[in-house]
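Notes follow once the structure below has been shown.
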Amino acid sequence: MTNARQWWRRAAAAVKDRRSLYLTRVAALRPPGAGVAAALRSPELEAAVIRATSHDERSVDYGSASRVFALARASPPALQPLMWALARRAGRTRCWAVALKALMLAHGLLLRSDLAPRAARLGRVPFDLADFRDRSSPPSKSAGFSAFVRAYFRFLDTRSLFAAQELDAGEADDEDARLDRLTKQQHLLDLLMQIRPYGDGMEQGLILEAMDCVVIEIFEVYSQICTGIARFLVAVLGSAPTTPRRRPGETLAAARRRRGVQGMRVLRKAAEQSAQLSSYFELCRGLGVLNAAEFPAVERVPDDDIRELEKLIMSHVVEEGSKVPETGSKALVAVEETGLASRTVVTKEWVVFDDDDDNAAAGARQGHFGGYVNPFVAAPWDAVASSRDLLV
């Protein structure tokens, strides 16, 4: 009886996908309407999205997903129509498989948007799955799948919001902006680690594929956090410390104290997250997530070292705010001569992953990080140009 129900459910889901493709073909025959929504509609792009977000929870249509990413890579202006096609698809569904596939595609489009010209970049995701409830699975499994989709959406929505805020604010690169960016990245890392199975029987291929994407994003975010912390320590404790930007009416001593306090919050949060990240990777390995299989161990900075580093930073803040150093005197931090040399080495334990600034500067997003496969890599444009008609 159970097998028969599954067969009928999958048959009904396949009919829904075919009906959606048929309606897309019909819409292509109609004259274009007016308005922004009509301008963003493209039957061919919608057909690609429908095929890539099918109701089949057993597998992912990699060919259709690759065509979507290839379209986005070949033509940055296609990012907006693709995202709106995903929004229409995700906003109507009550099937966890369709919603999760739409989120994975939206995730890839946001990554592609980061490399696009400013005018073509995407803003906040134009759909809402914060209250998603699955109706395609048995009640015993529906709650777990729904929670997984909502957790993925919370991360994606917050990520797109932060990107939109930075796009509006411009490329500020002062100390305050870098610390604010670090705080946001740590919040994103918290949201990423909440994307995990919330029930029994969720070790399915589509769930593991989504967690592969999550692990890649964790790699990116954690690498940026480690780099940001290293730059903060150099800026505050280096032999030539930078002067923080003062707010209106703020003294230099108060600005240094504020920067030190905010920096210590970031450092303590980083130490806390390193332990959480180790547990998360262990969970991923136990589930069989491929991209977590050979990740290096995440080293945690001992609490004693954090406390000593806090004393150094705060004493540095007080000393610089209360007196002007004499000419020829030794800097508080001379890496070759002071005890901080060992401490700076310790803080490097945060940097578990290699920094990929070179790749970012080159404007290229590689498909592999060492031995880790990136599911978001777009297929070459030839795969799209030579493919069959998507509307068929």
Side-chain angles (χ1 to χ4, degrees), residues 13 17 20 45-46 48-62 64-69 72 79-114 122-137 142-164 188-199 202 204-218 220-221 284 289 291 374-378:
D17 291 333
S20 298
L45 298 184
E46 287 191 29
V49 166
I50 291 170
R51 292 183 183 278
T53 57
S54 68
H55 284 75
D56 187 0
E57 73 276 8
R58 297 168 298 175
S59 63
V60 178
D61 187 343
Y62 294 103
S64 296
S66 295
R67 281 193 286 271
V68 170
F69 292 140
L79 285 168
Q80 287 285 356
L82 283 169
M83 185 61 83
W84 277 99
L86 280 172
R88 282 189 291 273
R89 183 74 163 162
R92 297 171 182 171
T93 188
R94 292 296 178 268
C95 173
W96 73 269
V98 175
L100 185 54
K101 290 177 182 180
L103 288 172
M104 292 166 65
L105 285 179
H107 194 173
L109 292 182
L110 289 173
L111 292 173
R112 178 53 51 187
S113 171
D114 293 342
L122 299 169
R124 194 170 184 177
V125 290
F127 57 90
D128 187 0
L129 295 178
D131 295 321
F132 177 80
R133 294 290 185 276
D134 174 61
R135 296 180 184 172
S136 65
S137 302
S142 179
F145 289 131
S146 299
F148 190 92
V149 169
R150 291 195 298 269
Y152 203 145
F153 172 76
R154 280 195 298 270
F155 156 71
L156 211 59
D157 184 50
T158 305
R159 185 194 190 281
S160 65
L161 176 61
F162 287 166
L188 288 179
L189 188 57
D190 280 339
L191 293 176
L192 280 165
M193 289 188 288
Q194 292 176 18
I195 305 175
R196 60 178 69 199
Y198 286 90
M202 291 185 62
Q204 299 192 21
L206 183 55
I207 294 290
L208 299 182
E209 185 75 20
M211 293 190 70
D212 270 328
C213 300
V214 170
V215 168
I216 288 294
E217 185 73 16
I218 285 177
E220 296 279 355
V221 173
C284 291
V289 178
N291 284 331
N374 186 347
F376 292 125
V377 172

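Keep in mind that what you see is a predicted model, and the values were worked out from it rather than measured.
For the residue pair Gly144 and Met202, the shortest heavy atom distance occurs at O-CE, 3.5 Å. Of all the heavy atoms in Ala99 and Val149, the pair that sits closest is CB-CG1, 4.0 Å. Of all the heavy atoms in Ala164 and Gly123, the pair that sits closest is CB-CA, 4.2 Å. Nearest heavy-atom pair across Asp134 and Ser146 is N-OG, 2.8 Å. For the residue pair Phe127 and Ala90, the shortest heavy atom distance occurs at CD1-CB, 4.0 Å. In terms of heavy-atom proximity, Ser137 sits nearest to Ser142 at O-CB, 4.1 Å.
Counting heavy atoms from C-beta on, the side chains of Glu57 and Trp96 come closer than 4.5 Å. Between Arg159 and Val125 there is no side-chain heavy-atom pair separated by less than 4.5 Å. By the 4.5 Å heavy-atom criterion applied to side chains, Leu111 and Glu217 are counted as neighbours. Phe153 has its side chain out of reach of Asp131: every pair of non-hydrogen atoms, C-beta onward, lies at least 4.5 Å apart. Using a 4.5 Å heavy-atom cutoff, the side chains of Met211 and Pro197 are in contact. Looking at heavy atoms from C-beta onward, Gln204 lies out of side-chain contact with Glu209 at the 4.5 angstrom threshold.
With Arg89 contributing its side chain and Val49 its backbone, the two residues share no donor-acceptor pair below 3.5 Å. The backbone N or O of Val60 lies less than 3.5 Å from no partner atom in the side chain of Lys101, so there is not a single donor-acceptor pair.
Classified by interplanar angle (parallel below 30°, tilted 30° to 60°, perpendicular above 60°), the ring pair Tyr152/Phe148 is perpendicular.
Considering CG of Leu188 and CE of Met193, their distance stands at 11.0 Å, rounded to 0.5 Å. In this structure, Ile50 CD1 and His55 NE2 are separated by 10.5 Å, a value rounded to the nearest 0.5 Å. Atoms CZ and CG, from Arg154 and Leu192 in turn, are 12.0 Å apart once rounded to the nearest 0.5 Å. The structure places CE of Met104 at 11.5 Å from CG of Leu156, a figure rounded to the nearest 0.5 Å. Rounded to the nearest 0.5 angstrom, Leu122 CG and Asp114 CG are separated by 9.0 Å. Annotation: the span from Leu100 atom CG to Leu206 atom CG amounts to 4.5 Å, rounded to 0.5 Å.
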